[in-house]
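I have placed the structure first, in the form of structure tokens, so that the comments after it can refer back to it.
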Amino acid sequence: MIQFGVIVRNFSSSSAVQSAIKNVTVIGGGLMGSGIAQVSAQAGQNVILVDVNSDVLTKSQKSISNNLGRVAKKIYKDKPQEGEKFVTESMSRIKTSTDPVSAIKSADLVVEAIVENIDVKHELFKKLDEAAPSHTILASNTSSLSIDEIASVVKRKDKFGGLHFFNPVPVMRLLEVVKGAETSDATYEAMMAWGKSVGKTCITCKDTPGFVVNRLLVPYMAEAVRLFERGDASARDIDIAMKLGAGYPMGPLELGDYVGLDTTKFILDGWHKKYPEEALFKPIPLLNKLVSEGKFGVKTGEGFYKYEKK
Ligand SMILES: CCCCCCC[C@H](O)CC(=O)SCCNC(=O)CCNC(=O)[C@H](O)C(C)(C)COP(=O)([O-])OP(=O)([O-])OC[C@H]1O[C@@H](n2cnc3c(N)ncnc32)[C@H](O)[C@@H]1OP(=O)([O-])[O-]
Ligand SMILES: NC(=O)c1ccc[n+]([C@@H]2O[C@H](COP(=O)([O-])OP(=O)(O)OC[C@H]3O[C@@H](n4cnc5c(N)ncnc54)[C@H](O)[C@@H]3O)[C@@H](O)[C@H]2O)c1
């Protein structure tokens, strides 16, 4: 409720932060990409949302439209017609494409939100770097990979950085702005200004594993899975404990289902490979089993809990 109130104030305020970035291309139309596209369009920017899968784009447009409706209900409580106009106008700023190269021809900023896999991200960024106008800033929403490692394949290392959003993007107020070793001050300033323009509170972090939030959240979540795996407490009780005993809005297992167990596994596996001695990053058989069975959480209808398929 409180988080949402702040978003409403950001969008109804006449002192909304301006950004020089007007054309944004978001690559990856899943959970995060659709949210990033939504907040950019809400802020008045032109958006092209790209995915390899056109069915994903159709689904994303539907969910963005629904979520804009939730925002409109808050901002225009007593003015439903203005609410409808807000949704229609925001939706009209979002175009979709399955071709990243043509979608970045006029981009001031590209935010990548595709699968958490360094090879796939490298392949994409090589193409984007060659095709984008010279002024275009390239950014990754990676949860756990190194920004410098992702940037290693592009020539414009000064115009590359990290923009790490949180799920659900329209509701969560934080944006971690990550300055890589070669990110220029101008790029960093532009990313900070853009983050504010889409209604986020920006913090700055070095290119360190997990940045701030995930470096703390992933070991916490992993410990919760291990606790459940050992049979020390039920999933429900672990989640209730952390909500009522520690004040989290969601318990750790609910949160794992919410962000995606596949994404969580990618993160743990990557860090384990890099830091094999770190006990907190060791593989968790139960997590591996759920993922191997296609139980990724909310998005597949089952994880630690079962969900109605949307
Ligand atoms: C875990 C370790 C693994 C890490 C993996 C990496 C993850 C990643 O890198 C980092 C993360 O994201 S970490 C993850 C970080 N994320 C977290 O930690 C999330 C923790 N969870 C939460 O903060 C809350 O449970 C939610 C906000 C998700 C839902 O709130 P709730 O009270 O349980 O349920 P509610 O009543 O339904 O919704 C409340 C209000 O929000 C509104 N709304 C919802 N979705 C919306 C959307 N998409 N659009 C627009 N609006 C949306 C809704 O309309 C309502 O508005 P109202 O004004 O009240 O009518
Ligand atoms: N899930 C979260 O809570 C969360 C939070 C913050 C950051 N992230 C990061 O954001 C990124 C995306 O995560 P997500 O949860 O949205 O994943 P997702 O699986 O919901 O969406 C990823 C989308 O990318 C598409 N895709 C894959 N390869 C592509 C390519 N080469 N070109 C275009 N589209 C491609 C897929 O079809 C899919 O629709 C990851 O790097 C993840 O680590 C996730």
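Remember, it's 1-based here, ligands and their atoms both numbered in the order they're listed. The first residue in the sequence is number 1, and the count goes up from there.
When the heavy-atom distances from atom 43 (N) of ligand 1 to L217, V171, N141 are ranked, the shortest goes to V171. With K73, M32, M172 as candidates, the residue nearest to atom 17 (C) of ligand 1 on a non-hydrogen basis is M172. Nearest-heavy-atom check against atom 16 (O) of ligand 2 across M32, E123, K59, E116 picks out M32. Here atom 37 (O) of ligand 2 lies nearest to D51 when heavy atoms of N53, D51, L31 are compared. With atom 49 (N) of ligand 1 as the reference point, the heavy atom nearest to it among L174, V71, N67 is part of N67. The residue among S143, G260, G28 with a heavy atom at the shortest distance from atom 42 (C) of ligand 2 is S143. The closest non-hydrogen atom to atom 22 (C) of ligand 1, taken over P249, P170, G256, S34, comes from P249. Counting only non-hydrogen atoms, the option in V169, V259, L261, N214 that gets closest to atom 10 (C) of ligand 1 is N214. Atom 24 (O) of ligand 2 has its nearest heavy-atom neighbour, among I114, N214, V56, in I114.
The closest protein non-hydrogen atom to atom 21 (O) of ligand 2 is G30 CA, 3.3 Å. At the shortest separation from atom 22 (C) of ligand 2 among protein heavy atoms lies A113 O, 3.8 Å.
Checked by distance only, ligand 2 and L124 stay at 3.5 Å or farther apart across all their nitrogen or oxygen atoms. Distances between N or O atoms of T264 and those of ligand 1 include no value under 3.5 Å. Considering backbone and side-chain N/O atoms, G29 never comes within less than 3.5 Å of an N/O atom of ligand 2. Between Q38 and ligand 1, no pair of N/O atoms sits closer than 3.5 Å.
Between K289 and E293, at least one side-chain N (NZ, or NE/NH1/NH2) sits under 4.0 Å from a carboxylate O, which counts as a salt bridge. The pair E82-K85 does not meet the salt-bridge criterion, since no charged nitrogen lies less than 4.0 angstrom from a carboxylate oxygen.
Listed by number with element, the atoms of ligand 1 under 4.0 angstrom from any heavy atom of F166 are 10 (C), 11 (C), 12 (O). Here is the list of ligand 1 atoms found below 4.0 Å of a heavy atom in N167: 12 (O), 14 (C), 15 (C), 16 (N), 17 (C), 19 (C). For ligand 1, the atoms closer than 4.0 angstrom to any heavy atom of M221 are 1 (C), 2 (C). The contact set between ligand 1 and I267, taken as ligand atoms under 4.0 Å from a residue heavy atom, comprises 5 (C), 6 (C). Those atoms of ligand 1 that come under 4.0 Å of a heavy atom in S143, given as number and element, are 6 (C), 8 (C), 9 (O).
Shown are L109, T142, V198; of these, the side-chain contact (heavy atoms from CB on, under 4.5 Å) with L163 is made only by L109.
The minimum heavy-atom distance linking K105 with A131 is given by the pair NZ-O, 3.6 Å.
Distances from ligand 2 to the non-hydrogen atoms of K121 include at least one value under 4.0 Å. Not a single heavy atom of V213 sits closer than 4.0 Å to an atom of ligand 1. Residue contacts with ligand 1 include L255, since one or more of its heavy atoms lies under 4.0 Å from the ligand. Residue Y258 places a heavy atom less than 4.0 Å from ligand 1.
No more than 12 heavy atoms of other residues, nucleotides or ligands sit less than 6.0 Å from atom NZ of K206. Enclosure of atom CD in E229 by more than 12 non-hydrogen atoms of other residues, nucleotides or ligands within 6.0 angstrom is indicated.
Between Y220 and Y248, the ring-plane angle classifies as parallel under the 30° and 60° cut-offs.
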